[in-house]
Amino acid sequence: MTRFDRAYYKRFYGKDGAHDEQRIAHLATAVHSMCAWWGVDVATVLDVGAGMGMWRDWYNTNHPAITVRSIDVSEHACETWNHELRNIAEWKPRGKYDLVICHSVLQYLDNTSFIKAIENLASATRCVLYLEIPTKWDYENIVDSRGTDLQVYKRSAAWYRKQLQPYFTQVGAGLWTPVDGLPMYQLEASR
Ligand SMILES: C[S@@+](CC[C@H](N)C(=O)[O-])C[C@H]1O[C@@H](n2cnc3c(N)ncnc32)[C@H](O)[C@@H]1O
């Protein structure tokens, strides 16, 4: 896949880009702490569409005992940042991972591929999924167009929720748990 080449990462992850190591450190600290709050002792992490590998690197630095597997569909990303070459729309991991991260990836997938990817993510998630996908509304109202790739699928939050609902319960701030997974207080989660 040539779209996610050297120029892509230089353009969207340079100065004023989507996010950087420091911002990922804040987010990863929060996600990992929420897992701990819910009693999840994270031992395995799967990072889907890992890009520059910022999540993997944060885990390796801060929690070296945790096993992190990172995959990406981009040959350039895999060669440069050492991931496995996989397309999440076509690849179902054999095992499960305590925490699955899919950060700003699925807006690149068409509807059919998205539906397959969610099936694969559901199959891979034992406890918690961190999922960020900007919606059509987000692109129109929040996203800074200067540092963001806008050549993506722009779908409604309602459409995304409909696809996720059979597999996941939303617990806020991008976190989802498998249906019938972790017990949550009613006002912690929405279905
Ligand atoms: C916007 S970047 C996000 C990178 C990283 N998750 C982050 O937040 O820093 C999108 C990444 O998703 C990857 N990607 C896109 N489609 C994919 C697919 N079907 N399977 C796996 N990775 C994919 C791209 O190669 C790219 O590295």
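First listed ligand is number 1; within each ligand, the first listed atom is number 1. Computed over heavy atoms, backbone and side chain alike; hydrogens, waters and symmetry mates excluded. Note that the structure is predicted; figures quoted are calculated from it, not measured.
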Problem - Atoms in ligand 1 flagged as close to Tyr8, the criterion being non-hydrogen separation under 4.0 Å - result: 1 (C), 2 (S), 10 (C)
Exercise for the section: Please identify which atoms of ligand 1 are closer than 4.0 Å to at least one heavy atom of Ala50. Expected result: 5 (C)
Handout entry: Distance-minimising heavy-atom pair for Leu106 and Leu131
Key = CD1-CD1, 3.9 Å
Exercise for the section: Out of Leu27, Asp47, Asp72, indicate the one that has the non-hydrogen atom closest to atom 25 (O) of ligand 1. Expected result: Asp72
Problem - Element-labelled atoms of ligand 1 that are located less than 4.0 Å from some non-hydrogen atom of Ser104 - result: 1 (C), 2 (S), 3 (C), 10 (C)
Handout entry: Nearest neighbour of atom 20 (N) of ligand 1 from the list Val152, Asp149, Ile88, on a heavy-atom basis
Key = Ile88
Handout entry: Test: Arg3 cationic atom under 6.0 Å from Tyr108 six-membered ring centre, within 45° of axis
Key = no
Exercise for the section: Return the minimal non-hydrogen interatomic distance between Val171 and Trp38, and the atom names on each side. Expected result: CG2-CH2, 3.6 Å
Practice task
Following the transitive rule for hydrophobic clusters with a side-chain heavy-atom cut-off under 4.5 Å over Ile, Leu, Val, Met, Phe, Trp and Tyr, establish whether Met52 and Leu85 coincide in one cluster.
Solution key: no
Exercise for the section: Give the contacting part of Phe12 toward ligand 1: side chain, backbone, both or neither, where contact means a heavy-atom distance below 4.0 Å. Expected result: neither
Exercise for the section: Looking only at distances, please establish whether an N/O atom of ligand 1 is found under 3.5 Å from an N/O atom of His103. Expected result: yes
Handout entry: Element-labelled atoms of ligand 1 that are located less than 4.0 Å from some non-hydrogen atom of Leu109
Key = 16 (N), 19 (N)
Practice task
Mark up the atoms of ligand 1 that fall under 4.0 Å of a heavy atom belonging to Met54, in ascending order.
Solution key: 9 (O)
Practice task
Under 4.0 Å, heavy atoms only, figure out whether ligand 1 is touched by the backbone of Trp91, its side chain, both or neither.
Solution key: neither
Handout entry: Atoms of ligand 1 close to Tyr13 [distance to a heavy atom under 4.0 angstrom, numbered from 1]
Key = 1 (C), 2 (S), 3 (C), 4 (C), 7 (C), 8 (O), 9 (O)
Handout entry: Salt bridge present between Asp47 and Arg56 (N-O < 4.0 angstrom)
Key = no
Handout entry: Least distance between heavy atoms, Ala50 atom then His83 atom
Key = CB-CE1, 3.5 Å
Fill in the blank from the handout: Atoms of ligand 1 under 4.0 Å from any heavy atom of Ser74, numbered from 1 in the order shown, are 25 (O)
Exercise for the section: Enter the distance from Phe114:CZ to Tyr153:OH here, rounded to the nearest 0.5 Å. Expected result: 13.0 Å
Exercise for the section: May I ask you to check whether Tyr9 has an N/O atom sitting below 3.5 Å from an N/O atom of ligand 1? Expected result: yes
Handout entry: Basic-acidic side-chain contact under 4.0 Å: Lys116, Glu90
Key = no
Handout entry: Sub-4.0 Å atoms of ligand 1 with respect to non-hydrogen atoms of Arg86
Key = 20 (N), 21 (C)
Practice task
Determine the sole option in Arg155, Gln107, Gln165 for which the side-chain hydrogen bond (donor to acceptor under 3.5 Å, both in side chains) test with Tyr160 is passed.
Solution key: Arg155
Exercise for the section: Report yes if Tyr108 has an N/O atom closer than 3.5 Å to an N/O atom of ligand 1; otherwise report no. Expected result: no
Practice task
Kindly assign one of parallel, tilted or perpendicular to the pair Trp55 and Tyr130, based on the angle between their ring planes and the thresholds 30° and 60°.
Solution key: tilted
Handout entry: ligand 1 N/O within reach of Ala89 N/O, cut-off under 3.5 Å
Key = no
Problem - Inter-residue atom distance Leu164.CG - Thr169.OG1, 0.5 Å rounding - result: 10.5 Å
Exercise for the section: May I ask you to check if ligand 1 and Asn87 share an N or O to N or O distance below 3.5 Å? Expected result: yes
Exercise for the section: Tell me which part of His19 gets within contact of ligand 1: side chain, backbone, both or neither, using heavy atoms under 4.0 Å. Expected result: side chain
